[in-house]
Amino acid sequence: MTIKEWFQKKLFGRSGIAKENGKPDPERLTFINNNDALTRTRIREYNIWYGGDGDELLNYYTHANMYEVNYEPFYARNKRSYFWAISSSETDIKRTHSGQPRNIVDTLVGICRFPTISSKVTGDGQNIVDANLRKIIEEGRLKDVYRQEQLPLTLVEGWGCYKICWDKDISDYPFATYYRAENVDFIYKSNRIVSVVFKDYYTAEDGKQYMLAETRSIKYDKDADNRYLAIEYELFRLSGSDDDIAAAEKIDLKSIEKFAELQDMKVSNCNLLLAVPCILFANTSKVGGYGRSIFTGKIDLFDDLDQCLSQASNSVRKSTPVEYFNADYLERDPKTGMPIQPHAYDRKYTVINGQRNADGTSTGEAVQTTQPNINFGQYSEQAVQILLQIINGVMSPATLGIDIAKKDNAEAQREKEKVTIFTRNGIIDSETLILKSLCSQLLCAKELMDSEKITVRDYDISVKFSEFADSSFENKLEKLGAALDAQCISEEMYMTKLYDDTLAPDEFEREKRWLIEHHTRPRDEGMLGIAGDGANLPGMTGEPTPENEANGEIGAEENA
């Protein structure tokens, strides 16, 4: 029984039963020993690739090749043939990691910037709710958690969860922490999350390992006829797999000083978990509500790309000119009298003994240099093709700064960028729902801290992401300027979209007045020399002006 199944039984009073997406497929499990363990292994693999460290990759696949394939000898057969797995048993080889997994994720995070968040609920009319929300976002460093943890890790691992915390010893405002996929479990009932299990791990001075499980569940009180939030703590001493309840010993919280003050909590008349699951892409092949990583189906190609780059790197090294020296021309060690081989970057020197002449000298040239002819272009072309397959359906090559078709016109480039836009739209649609729920529950937690109860459950949160995938000032200036000239937007909207909240209120008003004065008046009065009242100006109807007559006289004199 796993930890998750144990909590399901505790919550429902019976063993948990997972609903399958379709008819069970026992044939798939024929060569699989532990399906849940495979999921955790895959998550670790995704994180190793995202880390972008070649040493970590080599260490992971060395361990996988020696140990993990023994647990899943049939299912893991393909990984045995990976470049990183095969090369782990070789020493004299240079391995090159492309770093593209991290580039893809970080690029998507960069174009999905933190949105503008506000609440339409004003509270007592003094906009206190919105002020509290801004303070929560600022003190809780929600922007940093979003950009550095939640969004990139959810893209990589497939799922995670925000946990709303509060501690008056730290701050008067609640804050959100992000739990990774391995550290959170979702428990469903009728396709809805009714409980979230957060797992934290500790190591004592004596080396013993513990897992603190915090369960947040929505329960129903039949006597009061309402739902309530139950927050419960369980402590386990681990002795084996952290997911096997048989290898864990449940112990009393008070037996460990650090956890002695933890107490179960009940929030009456509350149907909020004060936790927000984060899933960006649904995984239709698995049950239990777990999401899909953006690396799904890409690991094989990542390994191929590293193999190609490593082959190119080793080919460059092997193409270094090889010099053959006659031993008579080499410097000798004064102690041993043996020739001293020259030291240079990875060159392999060969001594040519040759035949001796009558005077004792050697025949042939003193130094011979050879260099193999290797086709490096094939590796570059192959690497580009593999990379295109990797980002297929995810983003455009131009988004990563890769120009593969220099002759494409502007329209063709924009068409290619649509792939990135579609991916971005899908991400921000999911993030909008996540952040709305998160900020609303953070405000509920603020009320809980102040009054020990929750009366408002929905704060009507507004989440607005930037319309610009490229939010640079130059791009905004170009696009918004064209819209303003075409009278598609007002000066007010132009200023708001261009400067956002970077200007102080007085600076904003001053710039807006200047824009209205210098942009609107030339458009209405001074364009093409047409007066504002529609009257014809001198020279418009063919009547000569004094300047024209003077110019005509000068021209006639020159022609004469």
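These numbers come from the heavy atoms of this one structure, side chains and all, not from hydrogens, waters or symmetry mates. Residue numbers run from 1 in the order of the sequence given. What you see is a predicted model; the values in this text were computed from it and never measured.
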*Pi-cation contact, Tyr228 with Lys266 (under 6.0 Å, within 45°)*: yes

_Close side-chain approach of Leu442 to Leu133, heavy-atom, < 4.5 Å_ = no

*How are the rings of Tyr146 and Phe465 set relative to one another: parallel (under 30°), tilted (30 to 60°) or perpendicular (over 60°)?*
tilted

*Does Leu448 reach the side chain of Leu274, with side-chain heavy atoms less than 4.5 Å apart?*
yes

*Could you tell me whether the side chain of Ser437 and the main chain of Leu433 form a donor-acceptor pair under 3.5 Å?*
no

_If I take atom CD1 from residue Ile218 and atom OG from residue Ser195, how far apart are they, to the nearest 0.5 angstrom?_
9.0 Å

*How many angstroms lie between CG in Leu262 and CD1 in Ile231, if you round to the nearest 0.5 Å?*
11.0 Å

*Between Lys208 and Glu249, is there a side-chain N and carboxylate O pair less than 4.0 Å apart?*
no

*Locate the shortest heavy-atom distance separating Ile461 from Lys436; write the atom from each residue and the value.*
O-CE, 3.4 Å

*Could you tell me whether the side chain of Arg147 reaches within less than 4.5 Å of the side chain of Asp144, counting heavy atoms only?*
yes

*Do Arg424 side-chain atoms and Ile111 backbone N/O form a donor-acceptor pair below 3.5 Å?*
yes

*Non-hydrogen atoms of Gly140 and Val145 that approach each other most closely*: O-CG2, 4.2 Å

*Quick one: does Lys298's side chain get under 4.5 Å of Val394's, heavy atoms only?*
yes

*Could you check Tyr61 against Glu45 for side-chain hydrogen bond (donor to acceptor under 3.5 Å, both in side chains), going step by step and ending with a plain yes or no?*
CA-CA 9 Å; Tyr61 282 104; Glu45 186 177 21; 2.5 Å; yes

*Which of these passes side-chain contact (heavy atoms from CB on, under 4.5 Å) with Tyr290: Thr39, Asp185, Ile279?*
Asp185

*How far does CD1 of Ile136 sit from SG of Cys439, to the nearest 0.5 angstrom?*
8.0 Å

*asked:* Quick check: do Tyr46 and Ile294 have side-chain heavy atoms less than 4.5 Å from each other?
replied: no

_Using every non-hydrogen atom in the two residues, find where Thr423 and Gly393 come nearest and quote the distance to one decimal._
OG1-O, 3.9 Å

*Checking side chain to side chain donor-acceptor pair (under 3.5 Å) against Thr420, which of Asn425, Thr399, Thr107 comes through?*
Thr399

*Apply side-chain contact (heavy atoms from CB on, under 4.5 Å) to Lys446 and Lys135, showing your working.*
CA-CA 11 Å; Lys446 171 61 177 173; Lys135 202 70 176 178; over 6 Å; no

_Looking at Ser217 and Lys219, would you say the former's side chain and the latter's main chain have a donor-acceptor pair under 3.5 Å?_
no

*asked:* Please determine whether side-chain contact (heavy atoms from CB on, under 4.5 Å) holds for the pair Val197 and Tyr179, giving the CA-CA distance in whole Å, both sets of side-chain angles, and the decisive distance to 0.1 Å.
replied: CA-CA 10 Å; Val197 182; Tyr179 276 69; over 6 Å; no

*Closest contact, heavy atoms only, Ala85 versus Lys79*: CB-O, 3.2 Å

*Tell me, please, which residues at least two apart from Cys270 pass side chain to side chain contact (heavy atoms under 4.5 Å, CB included).*
Leu229, Val267, Leu272, Ile454

*Is there a donor-acceptor pair closer than 3.5 Å between any side-chain N or O of Thr296 and the backbone N or O of Ser293?*
yes

_Using every non-hydrogen atom in the two residues, find where Tyr379 and Cys308 come nearest and quote the distance to one decimal._
O-SG, 3.1 Å

*Would you check if Lys464 and Pro115 make a side-chain contact, meaning some heavy-atom pair closer than 4.5 Å?*
no

*Measure from the side-chain N and O atoms of Asp264 to the backbone N and O of Tyr233, and report whether any donor-acceptor pair falls under 3.5 Å.*
yes

_Taking every non-hydrogen atom, the tightest pair across Leu305 and Ser98_ = CD2-OG, 3.4 Å

*Got a second to check how far Ile256's CD1 is from Leu235's CG, nearest 0.5 Å?*
6.0 Å

*Could you give the distance from OG (Ser396) to CD1 (Ile391), rounded to the nearest 0.5 Å?*
6.5 Å

Can you give me every donor-acceptor pair (side chain of residues 148-157, partner residue at least two apart or in another chain, under 3.5 Å) with its distance?
from, atom 1, to, atom 2, distance (Å)
Gln150, OE1, Tyr162, OH, 3.1
Gln150, NE2, Glu431, OE2, 2.7
Thr154, OG1, Gln150, O, 2.5
Thr154, OG1, Tyr178, OH, 2.7
Glu157, OE1, Ala181, N, 2.9
Glu157, OE2, Asn47, ND2, 2.8
Glu157, OE2, Arg180, NE, 3.0
Glu157, OE2, Arg180, NH2, 3.1

*asked:* Tell me every residue that passes side chain to side chain contact (heavy atoms under 4.5 Å, CB included) with Tyr220, counting only those two or more places apart in sequence or in another chain.
replied: Lys222, Asp225, Arg227

*Walk me through it: do Ile251 and Phe236 pass the test side-chain contact (heavy atoms from CB on, under 4.5 Å)?*
CA-CA 6 Å; Ile251 61 176; Phe236 299 89; over 6 Å; no

*asked:* Can you list everything that forms a side chain to side chain contact (heavy atoms under 4.5 Å, CB included) with Phe175? Sequence neighbours excluded, please.
replied: Cys165, Thr177

_is_close_aromatic(Tyr210, Phe259), centroid dist under 6.0 Å_ = no

*Evaluate the side-chain proximity of Leu443 to Val129: yes if any heavy-atom separation is below 4.5 Å, no if none is.*
yes

*salt bridge (charged side-chain N to carboxylate O under 4.0 Å, His left out) with Asp106: which residues, sequence neighbours excluded?*
Arg102

_Within this structure, what is the CZ-CD1 distance for the pair Phe302 and Ile390, rounded to the nearest 0.5 Å?_
5.0 Å

*asked:* Please check this pair: side chain of Ser88 against backbone of Thr62, looking for a donor-acceptor N/O pair closer than 3.5 Å.
replied: no

*List in chain and number order the residues that pass side chain to side chain contact (heavy atoms under 4.5 Å, CB included) with Ser310, two or more places apart in sequence or in another chain; answer none if no residue qualifies.*
Phe83, Arg95, Thr96, Asn314

*Passes side-chain contact (heavy atoms from CB on, under 4.5 Å), Tyr201 versus Thr203? Steps please.*
CA-CA 7 Å; Tyr201 298 90; Thr203 301; over 6 Å; no

*Going by heavy atoms in the side chains, are Leu142 and Leu438 under 4.5 Å from each other?*
yes

_Which residue in the set Gln311, Gln100, His97 passes side chain to side chain donor-acceptor pair (under 3.5 Å) when paired with Asp306?_
His97

